[in-house]
Amino acid sequence: MTLSFYDEVGGHETFARLVNAFYRGVATDDVLRQMYPEEDLGPAAERLTLFLEQYWGGPTTYSAQRGHPRLRMRHAAFHVNPDARDRWLQHMRAAVDELDLPPLQEATLWDYLQRAAFAMVNTFEPTP
């Protein structure tokens with residue numbers, strides 16, 4: 001039996017740590033924080049955790065609760081310009097570093113996160 005990436009990196013605990021570290025950064029970021037209408041970032045953190053877990057071969061709870069991920073569609077309402085992308089990547093990089101994953105798993109995860117961040121850019125207009 002082949003382990004999924006989700007299992008290789010430690011399953012739920014690893015993704016929960018990643019997302020919690022990421023949202024600590026988002027909470028202090030004046031550009032990204034504005035994109036979250038909820039007072040509490042907890043629901044956003046839960047959605048991201050479920051999405052990442054599903055993407056990497058873990059439980060499919062995300063789709064069961066929210067349907068197809070449709071990342072670009074779900075982010076279309078937000079002003080995602082290169083500045084927002086770079087800020088997102090900065091916080092995600094710090095979060096990935098906290099995981100202290102083996103080099104192959106770290107590179108695999110980071111490659112995906114970078115590609116996802118670049119794919120979410122939907123404007124080149126400056127931050128309002």
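A salt bridge does not link R93 with D86: every distance from a Lys NZ or Arg NE/NH1/NH2 to an Asp or Glu carboxylate oxygen is 4.0 Å or more.
Looking at L89 and Q114, their side chains come closer than 4.5 Å, going by heavy atoms from C-beta outward.
Scored by the side chain to side chain contact (heavy atoms under 4.5 Å, CB included) test, E38 finds P43, A44, R47 as partners (sequence neighbours excluded). Partners of Q90 according to the side-chain hydrogen bond (donor to acceptor under 3.5 Å, both in side chains) rule, which considers only residues two or more places apart in sequence or in another chain, do not exist here. H79 meets the side-chain hydrogen bond (donor to acceptor under 3.5 Å, both in side chains) test with no other residue; sequence neighbours excluded. Applying the side chain to side chain contact (heavy atoms under 4.5 Å, CB included) test to A95 and every residue at least two apart in sequence or in another chain returns L18, A21, F22, M92. Among residues two or more places apart in sequence or in another chain, the side chain to side chain contact (heavy atoms under 4.5 Å, CB included) test is passed with E39 by none. Remark: P102 engages Q105 in a side chain to side chain contact (heavy atoms under 4.5 Å, CB included) (not counting sequence neighbours).
Put simply, the side chain of R72 gets close to the backbone of A119: a donor and an acceptor are under 3.5 Å apart. With S63 contributing its side chain and T60 its backbone, the two residues share no donor-acceptor pair below 3.5 Å. One N or O on the side chain of N122 and one on the backbone of H75 form a donor-acceptor pair closer than 3.5 Å.
The side chain to side chain contact (heavy atoms under 4.5 Å, CB included) test with W88 singles out one residue from L113, D83, V31, and that residue is L113.
Ring centers of Y55 and Y6: at least 6.0 Å apart, outside the cut-off.
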